[in-house]
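These numbers come from the heavy atoms of this one structure, side chains and all, not from hydrogens, waters or symmetry mates. Remember, predicted model here, so these are calculated numbers, not experimental data. Just follow the structure's listing: the first ligand is 1, and inside any ligand the first atom is 1.
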Amino acid sequence: MVTAKAWALKKHFEGFPKTSDFDLKTIELPKLKDGGKEKVLLESVFLSVDPYMRPYSQRDMKEGDIMLGTQVARIIESKNPAFVVGAFVVANGGWRTHFISNGKDLRCLPSSWPESLPKSLALGTVGMPGLTAYFGLLEVCKMKPGETLLVNAAAGAVGSVVGQLAKIGGCKVVGCAGSDEKVAYLKKIGFDEAFNYKTVTSLEEALHKASPNGYDCFFDNVGGEFASVAIHQMRKYGRIAVCGAISLYNDSVPQKGLYVQFPMILKELQMEGFIVHRWSNRWEEGQKALLKWVLQGKIKYHEQITEGFENMPAAFIGMLKGENLGKAIVKV
Ligand SMILES: NC(=O)C1=CN([C@@H]2O[C@H](COP(=O)(O)OP(=O)(O)OC[C@H]3O[C@@H](n4cnc5c(N)ncnc54)[C@H](OP(=O)(O)O)[C@@H]3O)[C@@H](O)[C@H]2O)C=CC1
Ligand SMILES: CCCCC/C=C\CC(=O)/C=C/C=C/C=C/[C@@H](O)CCCC(=O)O
């Protein structure tokens, strides 16, 4: 008999999540032999904390449910010939140390994954966030060599890959992040210009200084006030990929913003929201490309690793507050 630990949503978040909104539970898992032929027992090794968990928990969960989320997990028992004991997969098991799956929602790591590469990257640079950067840039921004791209939350899981992919694609890249340490990191990994949006006296001026001729592409992870300012610095026929709006996720009362119509019309902009799952049928292609660039050293990565499953809520809250450099991960 295996006893799993799991984090439940005790109380729907009001404003910023608090540790008291979560409940740590223990769950006795049934024996695999009682569960049918294709069952697999898994043990989480790395868990992901992501911004989407904040709005999606509000939309999709009820109080008492186990927090939604993904992990890199090891198969520790298997009745399923497709999954051998000892193999590592990306799973949709929620915030749990152990769980049982029928194998349908498990994704094996690419067979070319080298032993030397941390498997946690399958939740970050070579996982869902990296793929968000890849498809958002190629399919939504449609970036071209010689263009100038702006990305915010630039030192995070998605943003850091966006900037580096845009450099690989021959663009000039400007990134904004919320600390001087993050700005230094962006310069180290090849961003042409970077600034701390929290300390500049005027965001408008800082954006203008970083690229006096404006921006062809804007990969927006933040939304709200930032996006309202940035849209006015787009160039004619610019493209805006609306990837996320983290500046709005913790609002109890919806913010009122500026209207976008004038710059949209006058500059003939394209603005398109997207969810990475639109390209689910091409994830293998994206993952293969990202893995190749990581192994060639063309994409650098950083992970903010929090030790201990008991610290899941703290890691999640810390990420929403901007405490992470690169991908926020919890190591069990
Ligand atoms: N559309 C899609 O399919 C997907 C969308 N996303 C979205 O991409 C964005 C980035 O996600 P991800 O890379 O995983 O997360 P990050 O690793 O970038 O972590 C979140 C970061 O957001 C920044 N942030 C938090 N609050 C604010 C604020 N009020 N204003 C500006 N920045 C803020 C912080 O960085 P800083 O210190 O710089 O403020 C923080 O580190 C999110 O909006 C997310 O929802 C992610 C995956 C898929
Ligand atoms: C309800 C309002 C929503 C506003 C926009 C919020 C968030 C955008 C965003 O961040 C979306 C992310 C979606 C991620 C989904 C991930 C999972 O399906 C896990 C997949 C992981 C994997 O298989 O590797």
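- For Phe22 and Trp95, the ring centers are positioned less than 6.0 Å apart.
- By the 4.0 Å N-to-carboxylate-O rule, Glu303 lies too far from Lys331 to be salt-bridged with it.
- Atom 11 (C) of ligand 2 has as its closest protein heavy atom Tyr56 OH, 3.5 Å.
- Scanning the protein heavy atoms around atom 22 (C) of ligand 2, the nearest turns out to be Arg107 NH2, 3.0 Å.
- In terms of modelled atom types and a separation under 3.5 Å, the side chain of Asp216 and the main chain of Thr148 share a donor-acceptor contact.
- Contact annotation for Trp283 and ligand 2: only side-chain heavy atoms (C-beta onward) come within less than 4.0 Å of the ligand.
- Without hydrogens or angle criteria, Asn221 side chain to Asn152 main chain gives a donor-acceptor distance under 3.5 Å.
- Per-residue contacts place Val90 under 4.0 angstrom from the following atoms of ligand 2 (heavy atoms of the residue considered): 22 (C), 24 (O).
- Ring-centre distance between Tyr134 and Trp279: not below the 6.0 Å cut-off.
- Looking at atom 12 (C) of ligand 2, its nearest protein heavy atom turns out to be Tyr52 CB, 3.5 Å.
- At a cut-off of 3.5 Å, with distance as the only test, no side-chain donor of Lys327 or Ser160 sits close to an acceptor on the other residue.
- The pair Glu272-Lys142 does not meet the salt-bridge criterion, since no charged nitrogen lies less than 4.0 angstrom from a carboxylate oxygen.
- Remark: Lys119 is positioned above the aromatic ring of Phe88, its terminal NZ or CZ atom under 6.0 angstrom from the ring centre and at most 45 degrees off the axis.
- In this structure, the protein non-hydrogen atom closest to atom 5 (C) of ligand 2 is Tyr249 OH, 4.0 Å.
- Under 4.0 Å from any atom of ligand 1, one finds heavy atoms of residues Pro51, Met128, Thr132, Ala153, Gly156, Ala157, Val158, Ala177, Gly178, Lys182, Tyr197, Asn221, Val222, Cys243, Gly244, Ala245, Ile246, Ser247, Tyr249, Phe274, Ile275, Val276, Met319, Leu320, Gly322, Asn324, Gly326.
- A donor-acceptor pair under 3.5 Å links the side-chain atoms of Tyr215 to the main chain of Leu207, judged by distance alone.
- Taking only non-hydrogen atoms, the option from Pro51, Pro55, Cys243 nearest to atom 2 (C) of ligand 2 is Pro55.
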Before giving the answer on side chain to side chain contact (heavy atoms under 4.5 Å, CB included), spell out for Ile168 and Ile299 the whole-Å C-alpha distance, their side-chain angles and the decisive distance to 0.1 Å. CA-CA 9 Å; Ile168 292 172; Ile299 296 183; 3.9 Å; yes

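- Checking only distances, His277 does come within under 3.5 Å of ligand 2, N or O to N or O.
- When heavy-atom distances to ligand 2 are checked against a 4.0 Å cut-off, Gln58 has no atom that comes that close, whether in backbone or side chain.
- Rounded to the nearest 0.5 angstrom, Phe16 CZ and Asn250 CG are separated by 4.5 Å.
- Remark: minimum distance from atom 21 (C) of ligand 2 to any protein heavy atom is reached at Thr70 CG2, 3.6 Å.
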